[in-house]
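As structure tokens, the structure follows; a few thoughts come after it.
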Amino acid sequence: MNIAGSWFARIRVSRAIILILAIIGVLTLSIYFNLPKFESSGIHRSRLKLEVLEDLNSLKASDLKFRIEELLQIKGSVSLELRELESKRNSLQVDVGRYHQNIEDLKLELAKQQTELERLKMSIEQAQVAQQEAIERNSPEVAMPKRLFPPASALREVLPELSKQESSACRMNLCFDYSLCALTSGFPIYLYDPEIFEHFETDSFLRTHLAQTFGYNPHTTSDPTRACLFIVLIGNVSKEYLESMLPKLTYWKGDGRNHLLLHVTRGPYGGPPLPNVNVGRAMIAQSSAVDKVFRAHFDLIIPPAMGPPGGDIWQEYSQMVPARRRLLLSFQGQLSTGAPREELDKFVVAHLQTLLTSKTTDKFILDFTCPEQLPASFTVQPLESEWVPCGTESSRATILKSSTYALILAPTNVSIASTPLILSRLVESLKAGAVPVLLGDYLQLPFAETLVWRKAVLHLPKARVTELHLILRAIPDNDLLTMRRQGRLLWERYMGSVQALTDTVVAAIRDRLLIPPLPAEQELSPSVFNSTFVPLKIDNVVPETEAEESLGPIEPPYPSPQYRRNYSLFLTQGFEMWNDWGDPFHLYPQLPFDPLLPSEAKFLGSGLGFRPIGHGAGGSGREFSEALGGNMAREQYTVVMLTYEREQVLLASIARLVGLPYLNKVVVLWNSPKPPAEDLRWPDIGVPVEIIKAGRNSLNNRFLPYDAIETEAILSVDDDAHLRPDEILFGFRVWREQRDRLVGFPGRYHAWDLEHNSWNYNSNYSCELSMVLTGAAFFHKYYAYLYSYWMPQAIREKVDEYMNCEDIAMNFLVSHITRKPPVKVTSRWTFRCPGCPVSLSEDNTHFLERHKCINFFSEVYGYMPLLNTQYRADSILFKTRIPHDKQKCFKFI
Ligand SMILES: *[C@@H]1O[C@H](CO)[C@@H](O)[C@H](O)[C@H]1NC(C)=O
Ligand SMILES: *[C@@H]1O[C@H](CO)[C@@H](O)[C@H](O)[C@H]1NC(C)=O
Ligand SMILES: *[C@@H]1O[C@H](CO)[C@@H](O)[C@H](O)[C@H]1NC(C)=O
Ligand SMILES: *[C@@H]1O[C@H](CO)[C@@H](O)[C@H](O)[C@H]1NC(C)=O
Ligand SMILES: *[C@@H]1O[C@H](CO)[C@@H](O)[C@H](O)[C@H]1NC(C)=O
């Protein structure tokens, strides 16, 4: 229907042109015929003058006077005629000019209409492809099965007790009841109220804070009939008490199936391990592990609780750089029974002591006897073979903070795989940034099913002690800093606070059952208008004249598919989720790290949603603008715009987005408490524009993961940023290949201030950059979650304090996660729009704050995450000479 309309328009346009040409022809002719008359009257006049001279003598004076008057009259009328003709000629010339202009305009209009027609055709083709796909798929997407609830009888059924021997042979398949934990159950856990069972957890600090942190854990349920796992907090209790009390737990049901006995110790001297009693089918989580008693893949080793209950813990961490600290290696401890008795341990100590006297320039602190008495509490329950740390926590921290490596000696009894003492040494070292060196390959480390420790600690058999110095010297700085950074990640995420500890315990068991985490919370998107108010619209918004380039099809809104990898993510990328860029505690709708298909898969069976260029044959110009191409299926992006009381600037910015291909939606964050004026006319740009009422005026709102944002790609733009449609589209295409990175336009960098030995923010023209401004940048929605819920709170607070630096914070976050610099696209270095008010960012305090932000943020991360890049993305055929009949990817970029 639309195509037919355009054809008529085209015919009408051609008719108009012919008509105008005819008019102009007629006009030219008429001017041509006018001119000779003009000239001939001139000739006539001069002839008249001669006749007058001849007759002059023969005339009488009175006649003469009359004749002169007559002649003067004639002259007057002739010049009047002349003037009239002249003005007529001028107006005709003006007309000619106007008609010429009209012709030009019509030609332009024709070109535009043709582009529009092309685009419509393209959009129809795309819609047909999408429809075809929908028909071929012919089956609805797999929906989540109905949630299964445990059969009511399963809970009531009391099973016979297990013998001690059966209990020690427990594995998941033998002792765990999977029927209580459907894959779609969301892994509900039930915590026995520690205030009711207070004789179990004797330490009131732990009792309070563990209960509190489990309360914050979204898996916790108050309904025991729905629970998959029952958690009992157990402190320092006697063997007899435990044996008699466990069967009395309400949901123990004879064998304690699906119970977790959580025995958390506080620090190195937290108390003895759980008494070795028959715990039936219950799992045990504690810091102590004894070989042959510890049931691998059933029981858990957990670190002692050492940090604050929750919240930011970055303040406790020391800076990562310099890589090499004053001391190469340090150790301060003493065997609880005095000197080592085993031969191997005597040898280890003796060898380490020779390091102290060797001629090396490396510095060591290796104390094998403590100057002070061992803590009295420790003598109560001595594991005779344990190395007890010397000094206080803070005195040890001082030494550890100036040590490159921290030695941790395993107990001399090889049956002991883990103790609170060892683990608290481990946590202390990680926190101080000293890379732990564990001597004793029989040691087992916490959460080893999911955490990969070899990237953060050096774990060696005791027999390697003679080679220890060599290894430590041979590790280059980049590996050393990688280990230190990884150590910080493990410490901060999984053991730095009580909350981190309990969340990890829950997640570790959930992961074992392959149940996906609960989805990360999105931010609700309340409209700034009430439900009855209908904002005024402007309908005929015209695209800027420059856009006479067909950039792509106009499609109906197409939200990115979500939660496609619920059950496979932790299989294929579990390592990364736990040990690298991931967040194992939440399920995200999409990740920027989704694996790619091999190229031929999109032609042989997995082509759903793919839009290869030229249907796979490739091509430039037209074929390129018709299809997204690339390695990922089709998708769209959302423009997110933060605004504060600049209504006209905002409306103009929205209007400029009209007709953008692949645009899904525009989300405007209304930061002002004052609602928009009722008489504002909002441009209708063909896609939904949602105006969201922000909670309070904060620049952090720019990065909230609003549920209104339905695409993976977010284009964050300032309300006054002036980007051209081709620039936006090119940025989007580049981002699709760099989904884990920030892709933006103007670049900035962090420069080292030689005078003050600190970082400066710099916006000067430069051939190296490390940040892109988020006033115009693409990023993945995953980073909006991380920015809002995962990044340390101190950074968001600093952004609020200065009302500045949110873009720097985002650059830090992404570089920290990916260890990659951002990607700069096109030659743009600024985007000040002509006529926009000079923004706040110009003045000096703004810059000073940005210097301060950079230094503060790197303190929070413990290092400077930004990385330099000298790379810029331009379209592939930009500046390439190509034949005349071929088109480039983009006309101007
Ligand atoms: C995946 O998880 C999400 C979030 O919990 C849920 O909405 C979706 O239905 C799940 N999909 C499947 C196939 O289980
Ligand atoms: C553990 O309990 C025993 C016996 O009640 C007591 O002697 C010991 O001091 C307690 N240890 C700790 C660290 O609370
Ligand atoms: C080593 O520890 C285990 C477990 O505590 C104990 O049974 C064993 O007797 C100890 N061995 C020595 C030699 O002390
Ligand atoms: C909705 O908002 C409009 C404009 O702000 C106002 O005139 C109207 O009274 C409001 N209606 C309700 C039900 O609040
Ligand atoms: C930017 O360049 C100007 C002129 O070259 C220089 O005066 C100024 O100090 C530079 N600014 C920064 C922050 O380096």
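One-based numbering, in listed order, for ligands and for the atoms of each.
Annotation for ligand 1: atoms under 4.0 Å from non-hydrogen atoms of N566 are 1 (C), 2 (O), 3 (C), 8 (C), 10 (C), 11 (N), 12 (C), 14 (O). The atoms of ligand 1 that sit less than 4.0 Å from any heavy atom of L587 are 2 (O). Here is the list of ligand 1 atoms found below 4.0 Å of a heavy atom in Y567: 14 (O). Close approach of ligand 3 to V290 is summarised as follows: ligand atoms under 4.0 Å from at least one heavy atom of the residue are 4 (C).
Applying the ring-ring contact (aromatic ring centres under 6.0 Å, His included) rule to Y706 yields no partners; only residues at least two apart in sequence or on another chain are considered. Under the ring-ring contact (aromatic ring centres under 6.0 Å, His included) criterion, Y637 pairs with F732, F778, sequence neighbours left out.
For the pair R510 and F570, the distance from NZ or CZ to the six-membered ring centre is under 6.0 Å and the angle to the ring normal is within 45 degrees.
Between N413 and ligand 3, a contact under 3.5 Å exists for at least one N or O pair.
Shown are F703, W735, Y787, Y785; of these, the ring pair (Phe, Tyr, Trp, His ring centres under 6.0 Å) with F779 is made only by F703. With E712 as the partner, the salt bridge (Lys or Arg N to Asp or Glu O under 4.0 Å) test is satisfied by one option alone out of R736, R739, R564, R634: R739.
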